[in-house]
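When a ligand or atom number is given, it counts from 1 through the structure's own listing order. What you see is a predicted model, and the numbers here were worked out from it, not measured in a lab.
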Amino acid sequence: MISNNTRIRELTTIVSTHTQKIDDYLLSHNKPTPSFDVGCPELDLPEDLQASRELVIDATTELKELLQGPKQFLLSNPPNYFVSLHAIYRYNIEQTFPVGGEATFDQVSKVCGLNEPDVRRVLRHAMAHHIFREPRKGIVAHTAFSQMLAENSKMKAWMGALADDIWPSAVQTVPAMIKWPNSQEPNHTGFSKAHDTQDSMYLELGKDPKRAARFGQGMSAFAADTGFAPHYLIDYELWSSLKEGTVVDLGGSHGGSMIALATKYKSLKFVVQDLPSTIDSRPSLPEDLANRITFMSHDFLTEQPVKNAEVYYFRRVFHNWPDTYCIRMLRNLIPALKQHARIVINDACLPEPGTLPLMAERRLRALDLTMLTIQNSREREAHDWKALFEQADPRFKFQGIKQPMGSELAFILASWEPGSDMGDGLSSASLVNGNRAPNKD
Ligand SMILES: C[S@@+](CC[C@H](N)C(=O)[O-])C[C@H]1O[C@@H](n2cnc3c(N)ncnc32)[C@H](O)[C@@H]1O
């Protein structure tokens, strides 16, 4: 007999149970229910309901794909999803009429300079994904999604970096694999092929200050996102154990992480290092922070100039680089390191395959491929992180990995212990893993 408890029923139960929890919370707290309407805020849920939200998103995705079946699923992945977003970005279509207002396709065309038929087809494609809407035939209005592009400059910058810098590179990833088989060079990539350069992505971006600034601004859009929220960094216990001293943030972009730390840890000093083009395009700081945060152009593939800091911190940097370069970055620290100096790598730590909820697994696997596309680099598992320190120098003592609940990034810690053996952080220290998201059911 066929069981009544089929997977699709299980999934609908998950959807119904957890949607109800979210709905009850919103109703009882007088918060708006999610909608595509202009003005609808981002869903702001407490942590347990964030877990419910992930469960619903995972279950609805799996349900949809089960009901599609293999043929429809494989045929339903359009290769041109990004064309409409790219056109909206390039022609600033979201700025052609005010949020809350309306315009005809022709009016949009006249303001943005793209011909009317193309405006119409681009926007109708976007509308099918809730970006803009057509309240009456021929009339365009904003939705909450297009409003985000119109009003959030960081999101707009990220769309630009994705559309101009990363998307064409993704298309060239496999041709790059074929051209440079097994290469560990960051300039043998889909990016370098797509953009016809001999340089790696960050060097190439650095040649154009506006492009570098856009990438930096786009990166900072992630800072506010839940899995990258600054509180994970601020709450990392290492900081409160430091009474004074300096924290150096390598590849720190415009200093978002150090600004977050400096606001809470007032006895510490901070140095943000990055390539000149990024440092030069940083926004200015309020005086109280400017006294304690210094910006410095420094290439982390060369020797570290700031000596005797307490902590050398790398956030979302190592995943950009192949192993040989990561080892070089660690070795470049050595002349600056005092005894017990800490090295903190704040990056994803890949869990065992198939152990994460669906969307979290997809996000990480997509990020891993993006790293391949842009820098020939990769996301790493716990043993890969330990091996990097071992290969760099036996005087790095690996202290373990901490994965805060809900965070996309883990804290990978080592200290500098000249004269001591390699640590065994993987077995003895806390590898608190698997906490980033709820289980599948
Ligand atoms: C993925 S972003 C991460 C930025 C920042 N740490 C964060 O978490 O938002 C990588 C950063 O590394 C910087 N970078 C790339 N190559 C570098 C180099 N050779 N020396 C210093 N910084 C570099 C880039 O400019 C960029 O700001």
Shortest protein contact, atom 22 (N) of ligand 1 (heavy atom only): Phe300 CE2, 3.2 Å
Atom 12 (O) of ligand 1: which protein heavy atom is closest, and how many Å away? Gly251 CA, 3.7 Å
N or O pair under 3.5 Å between [X] and ligand 1:
X      : value
Arg315 : yes
Asp274 : yes
Leu250 : no

May I ask you to decide if the ring planes of [X] and [Y] are parallel, tilted or perpendicular, using 30° and 60° as cut-offs?
X      : Y      : value
Phe36  : His130 : parallel
His129 : His125 : tilted
Tyr202 : Phe215 : perpendicular

Please determine if Arg395 and Asp393 form a salt bridge, counting it only when a charged side-chain N lies under 4.0 Å from a carboxylate O. yes
Less than 4.0 Å between a side-chain N and a carboxylate O, is that true for Arg90 and Asp164? yes
Suppose I only count heavy atoms of [X] and a 4.0 Å limit; which atoms of ligand 1 are within that range?
X      : answer
His298 : 20 (N), 21 (C)
Asp299 : 18 (C), 19 (N), 20 (N)
Asn320 : 1 (C), 10 (C)
Met219 : 1 (C), 2 (S)
Thr278 : 25 (O)

Verify the distance criterion only: is there a donor paired with an acceptor across the side chains of His142 and Gln147 at less than 3.5 Å? no
Against Glu310, only a single residue in Lys338, Arg342, Lys243 fulfils side chain to side chain donor-acceptor pair (under 3.5 Å); can you say which? Lys338
Close side-chain approach of Leu268 and Thr246, heavy atoms under 4.5 Å: no
Is ligand 1 under 4.0 Å from a heavy atom in the side chain of [X], in the backbone, in both, or in neither?
X      : value
Tyr202 : side chain
Trp321 : side chain
Gln273 : neither

Would you mind listing every side chain to side chain donor-acceptor pair (under 3.5 Å) that reaches into residues 248-269, with sequence neighbours excluded? His254-Ser281
